[in-house]
Peer 1: 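Structure incoming, see below.
Here the structure is a predicted model, which is why all the values come from computation and not from measurement. Chain naming here is simple, since letters A, B, ... match the order of the sequence lines and numbering starts at 1 in each.
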2 protein chains.
Amino acid sequence: MAGQTQSSVHMTPIARTYAFEELELGQTASREHVITAADIEAFADVCHDHNPVHMDAAYAAATIFKERVAHGMLSAGIMSGLFGEDLPGPGAIYVAQSLRFKAPVKIGDRLTARCEVISKMPGKNLVVFKTECRVGEKVVVEGEATLLVASKAKVSADSAANQ
Amino acid sequence: MAGQTQSSVHMTPIARTYAFEELELGQTASREHVITAADIEAFADVCHDHNPVHMDAAYAAATIFKERVAHGMLSAGIMSGLFGEDLPGPGAIYVAQSLRFKAPVKIGDRLTARCEVISKMPGKNLVVFKTECRVGEKVVVEGEATLLVASKAKVSADSAANQ
């Protein structure tokens with residue numbers, strides 16, 4: 001993180017687990033990360049994708065991107081970190097995610113990942129989020145996510161069990 | 001990789017870049033990786049998701065998963081590595097991906113990521129793949145991907161430029 005990371009949860013700034021009943025339509029969370037060459041190399045190693053457009057500046061210079069670009073799934077992974085750490089936080093279960101890759105992310109770009117609650121299905125405890133990664137004003141990845149979020153009684157019981 | 005990785009491209013075993021015209025309906029590629037605790041920790045660091053269900057065995061023991069689980073996006077990232085390295089390989093542009101997370105992936109699980117060409121849109125050079133990650137016979141992540149794949153003339157020119 002080291003000065004490159006800013007996390008913020010709109011409405012409630014304290015990291016915690018949100019229960020289904022506590023999530024409101026329009027509620028958002030966001031975080032920012034500056035993408036480094038080391039990030040791209042670490043992602044390439046762990047996901048086994050050493051495509052030269054990510055790894056090799058000379059190769060990338062001859063492509064439409066002109067320089068090395070980050071893996072699309074790196075932005076998606078940073079987006080998913082919002083769910084895991086901030087909103088809803090630990091305990092929520094990732095059910096689905098759609099991703100549309102709109103523009104490249106390059107070394108030094110400051111990526112802003114943002115999610116917003118857009119619908120709730122009370123019978124199923126499912127919450128749908130609009131998800132978006134931007135670099136400046138440009139949307140680089142957009143989509144929707146569905147998470148299964150425990151009810152308040154369950155979250156309270158789990159918190160007690162994990163203390 | 002070190003003995004934990006097997007990559008295979010059905011129909012043509014040599015790593016290269018496939019042009020749009022060379023991709024056939026039903027063509028597949030797959031690879032296998034055993035998911036380690038180190039993989040989960042590296043992914044957590046690069047994507048900034050230290051949710052305790054991934055990181056903390058004692059916490060995870062009290063969840064429905066009973067033990068630490070990999071980030072869903074780690075499987076998705078390994079899936080996307082197939083596109084970047086094997087089929088279509090370097091030069092293809094990731095346009096979209098849908099993901100449905102069906103079951104957890106745990107430490108020691110051997111993940112098989114597989115893609116299959118299911119449709120081609122010649123006017124737009126878009127190729128749609130069915131994507132699937134399995135552990136044994138269980139599907140853990142499924143979805144569809146759309147990639148923009150250059151035509152043969154363009155791939156040949158790029159190969160020459162990058163030699």
Side-chain angles (χ1 to χ4, degrees), chain A residues 1 5 7 31 33 36 38-54 56 58-59 61-65 71-86 89-102 104 113 143-146 158 161-162, chain B residues 1 5 7 31 33 36 38-54 56 58-59 61-65 71-85 89-102 104 113 143-146 157-158 161-162:
Chain A
M1 308 210 173
T5 301
S7 261
R31 41 171 56 180
H33 296 291
T36 66
D39 290 335
I40 295 173
E41 287 147 21
F43 192 89
D45 285 345
V46 70
C47 292
H48 308 271
D49 184 356
H50 296 86
N51 184 318
V53 77
H54 307 306
D56 180 340
Y59 176 94
T63 70
I64 60 165
F65 301 120
H71 305 72
M73 283 294 173
L74 172 57
S75 297
I78 289 172
M79 177 68 240
S80 82
L82 258 182
F83 296 130
E85 290 194 354
D86 295 346
I93 295 174
Y94 216 175
V95 174
Q97 175 77 57
S98 64
L99 300 163
R100 292 179 294 279
F101 302 104
K102 311 281 286 183
E144 286 187 11
T146 304
D158 285 352
N162 280 298
Chain B
M1 308 209 174
T5 301
S7 262
R31 42 172 54 182
H33 296 292
T36 66
D39 290 335
I40 294 173
E41 287 147 22
F43 193 88
D45 286 345
V46 71
C47 292
H48 309 270
D49 183 356
H50 296 86
N51 183 319
V53 77
H54 306 306
D56 180 339
Y59 176 95
T63 70
I64 60 165
F65 300 121
H71 306 75
M73 282 295 173
L74 172 56
S75 297
I78 289 171
M79 178 67 241
S80 81
L82 257 183
F83 296 131
E85 291 194 354
I93 295 175
Y94 215 176
V95 174
Q97 175 78 56
S98 64
L99 299 163
R100 292 180 294 280
F101 302 106
K102 311 282 286 183
E144 285 186 14
T146 304
D158 285 352
N162 278 300

Peer 1: Taking only residues two or more places apart in sequence, or in another chain, which ones meet A/F83 in a ring pair (Phe, Tyr, Trp, His ring centres under 6.0 Å)?
Peer 2: A/Y94, A/F129

Peer 1: Please determine, among A/G89, A/S80, A/A145, A/A42, the option with the most heavy-atom pairs under 4.5 Å with chain B.
Peer 2: A/S80

Peer 1: What heavy-atom pair brings B/N51 and A/P90 nearest, and what distance separates the two atoms?
Peer 2: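 Distance-wise, the nearest heavy atoms are ND2-CA, 3.6 Å.
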
Peer 1: Looking at A/G77, A/G81, A/C47, which has the largest count of heavy-atom pairs under 4.5 Å with chain B?
Peer 2: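 Answer, by heavy-atom pair count under 4.5 Å with chain B: A/C47.
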
Peer 1: Among B/G143, B/S98, B/G84, which has the most heavy-atom pairs under 4.5 Å with chain A?
Peer 2: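 Of the candidates given, the most pairs with chain A belong to B/G84.
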
Peer 1: Can you say whether B/V53 sits under 4.5 Å from chain A via the side chain, the backbone, both, or neither, judging by heavy atoms?
Peer 2: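 Contact with chain A: none, neither part.
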
Peer 1: If I compare all heavy atoms of A/Y59 with all of B/G91, which pair ends up nearest, and what's the gap?
Peer 2: OH-N, 3.8 Å

Peer 1: Is the backbone N or O of A/R100 less than 3.5 Å from a side-chain atom of B/Q97, with the two atoms forming a donor-acceptor pair by type?
Peer 2: no

Peer 1: What part of A/I40 gets within 4.5 angstrom of chain B, counting heavy atoms only: side chain, backbone, both, or neither?
Peer 2: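 It is neither, since no heavy atom gets under 4.5 Å.
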
Peer 1: May I ask you to name which of A/A38, A/S75, A/A76 has the most heavy-atom pairs under 4.5 Å with chain B?
Peer 2: A/A76

Peer 1: How long is the straight-line distance from NE2 of A/H33 back to NE2 of B/H48, given to the nearest 0.5 Å?
Peer 2: 4.0 Å

Peer 1: Between A/D45, A/D56, A/I93, A/I64, who has the most heavy-atom pairs with chain B when the cutoff is under 4.5 Å?
Peer 2: A/I93

Peer 1: Return the minimal non-hydrogen interatomic distance between B/L99 and A/L99, and the atom names on each side.
Peer 2: CD1-CD1, 4.0 Å

